[in-house]
2 protein chains.
Amino acid sequence: MSRFNFADRLLTQTKKRGNPLCLGLDPHVSLLPQFVMGKTDEKTNRVKSIEAFIISYIDLIADKVPAVKTQAAFFEQYGSAGMQMLFDVSSYAQEKGLLVILDAKRSDIGSTAKAYAEAYLSKQAPFDAITLNPYLGMDSLVPFIDACQSNGKGVFVLAKTSNPGAKDYQDLVLQEGGHLYEAIAKSLQSHSKALVGKSGWSSLGVVVGATYPEEAVKIRQLLPKAVFLVPGFGAQGASAEQALTAFEKTETAYVGGVISSSRAIMFPTSPECDCFAEWETGVKTALAAALQTLVV
Amino acid sequence: MSRFNFADRLLTQTKKRGNPLCLGLDPHVSLLPQFVMGKTDEKTNRVKSIEAFIISYIDLIADKVPAVKTQAAFFEQYGSAGMQMLFDVSSYAQEKGLLVILDAKRSDIGSTAKAYAEAYLSKQAPFDAITLNPYLGMDSLVPFIDACQSNGKGVFVLAKTSNPGAKDYQDLVLQEGGHLYEAIAKSLQSHSKALVGKSGWSSLGVVVGATYPEEAVKIRQLLPKAVFLVPGFGAQGASAEQALTAFEKTETAYVGGVISSSRAIMFPTSPECDCFAEWETGVKTALAAALQTLVV
């Protein structure tokens, strides 16, 4: 049964790779190197070049980390061709043994939420988990949670995000006590328990920015077994120590979620870089440096 | 300048059509009639049949209402072919003189939000406005607001949604007083003013469910000139009177936003219906009945 639970698969993979790093596969238009963007001027060709670049990146990192994260926006930007690329690179990453988290932050209700769950958490969809925005309420999350149950997938619900604006609403203090992000974490407790796998970890996870370690401690107390997706490490300035606040140290790896890093490792060279080998060396160096801070 | 402001265009169009009805273009798999779904068994063919069906629907309604709403989930469900269909039917609706609101409830930060804004609110994108989820904070909304300024587009930020789960978080009472949805409405005030057009209405709008008329009154007080997108009329049980709570009566039409209705008008017959003419008559009857309740 273990392979049908996302949290179990994540734990196995994390211990196998010895680290909880999750690398973003984000084709930022303004960061893509010259050797990818320079030779193309037509949209479809450009998408093909970008896809080839992402595939090269996956090949470089596949045996080093447990998971990757595809940011939907950077694919949707290229319309239907981009959407095809999202599915293609995600499939490829899975074939290479990586878990794939779709960072789509979807939010909708009833039959619409079901349609999203069908699109991204069906058995055949090349994603192991998806990020969700909870603002619409529990009935916007349940269709995805149901899909996790049926298809062995996972969700990461936004609790406390890594951006400065996270304080605008997430930190509002409630009359009943605590902050909004704590109320959301609390409301997930029973559902989180229902998605606990053999490993003891739950496939109902939360997003908690590395930039807010104190909040991470509070959320970990409320959801002791939820897997955390922790953005903000690297480019956004949080240290490995901050990012690992809510993780558990085991003999082989820090476990309890994934630490996500995108730009710093995928784009170690400037957009002017016209040399694949230079970029490749940059990735290896940046990845080795990041991993060094995240191993036990 | 007027044509470059979404709220101005919406007002003009609403007065021209004499009503504020916005019809959903949502290819619900389980509701599509037999004459669409029956003849196809392969995915691409099916998308072609669905697209032809939506085009027929647009032809039926284009001179009756000011706007349509495309629900992204129902297109994303069909992968890249569905994404192409979303752009194609939205373009077609615009050619027919309709304003197109993309109901995508997107939410992300910084360069990611910019990528979404580029995908859906660029000058060439076939959408006049998009729905947004505010949970991530103001820095998740600003890239879209900037695109509204530059490209004459609009946004509808979720405030109080029409679903039962809306109470889970949106209704939480804050220590500073008021509910979360009110704090969000308040925080939008200055940005809303910045997007006011010649008509006096603002292209920074909010989503306020027809099922919550008392909350609509409170939000209207906080954002007197924001255009409202009001779901929940029809299939979700709210009356026209409830839906129109925050609208202004003018000589020609109720103005101040759009009342959205999807299933009740697009799917007046059962999924077993195998007769195009029967469906066509059903749409005309349902639309006429809805319009009767929404005219001055």
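Letters A, B, ... are given to chains in the order of the sequence lines, protein chains preceding strands, and every chain is numbered from 1. Note that this is a predicted model, so its numbers are computed, not measured.
If you take CD on E118(A) and CD on Q77(B), they are separated by 6.0 Å, rounding to the nearest 0.5 Å. Here the NZ atom belonging to K114(B) is positioned 11.5 Å from the NE2 atom belonging to H28(A), to the nearest 0.5 angstrom. The CD1 atom of I184(B) sits 9.5 Å away from the CG atom of D168(A) when rounded to the nearest 0.5 Å. Taking OH of Y169(B) as the start and OH of Y181(A) as the end, the distance is 15.0 Å to the nearest 0.5 Å.
No part of A117(A) comes within reach of chain B, as not one of its non-hydrogen atoms sits under 4.5 angstrom from that chain. Contacts between Q71(A) and chain B at a heavy-atom distance below 4.5 Å involve the side chain alone, from C-beta outward. Q84(B) touches chain A through backbone and side chain together, each having a heavy atom under 4.5 Å away.
At a threshold of 4.5 Å between non-hydrogen side-chain atoms, the residues L172(A) and L180(B) count as touching. Within the 4.5 Å cutoff, the side chain of S111(A) has heavy atoms near those of the R263(B) side chain. V173(B) has its side chain out of reach of L174(A): every pair of non-hydrogen atoms, C-beta onward, lies at least 4.5 Å apart.
F127(B) pairs by the side-chain contact (heavy atoms from CB on, under 4.5 Å) definition with T70(B), L86(B), F87(B), S90(B), V100(B), L102(B), Y120(B), A125(B), not counting sequence neighbours.
The candidate with the highest count of non-hydrogen atom pairs below 4.5 Å against chain A, out of A115(B), A183(B), A119(B), is A115(B). Top candidate by heavy-atom pairs under 4.5 Å with chain B, chosen from D108(A), V29(A), T161(A), is D108(A).
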For residues 131-145 of chain B, which side-chain donor-acceptor pairs fall under 3.5 Å, sequence neighbours excluded?
from    : atom 1 : to      : atom 2 : distance (Å)
T131(B) : OG1    : D103(B) : OD1    : 2.7
T131(B) : OG1    : A104(B) : N      : 3.0
T131(B) : OG1    : K105(B) : N      : 2.9
N133(B) : OD1    : N133(A) : ND2    : 3.0
N133(B) : OD1    : Y135(B) : N      : 3.1
N133(B) : ND2    : S107(A) : OG     : 3.1
N133(B) : ND2    : N133(A) : OD1    : 3.0
Y135(B) : OH     : A159(A) : O      : 2.6
D139(B) : OD1    : N163(A) : ND2    : 2.7
D139(B) : OD2    : N163(A) : ND2    : 3.3
D139(B) : OD2    : G165(A) : N      : 2.9
S140(B) : OG     : G137(B) : O      : 2.6

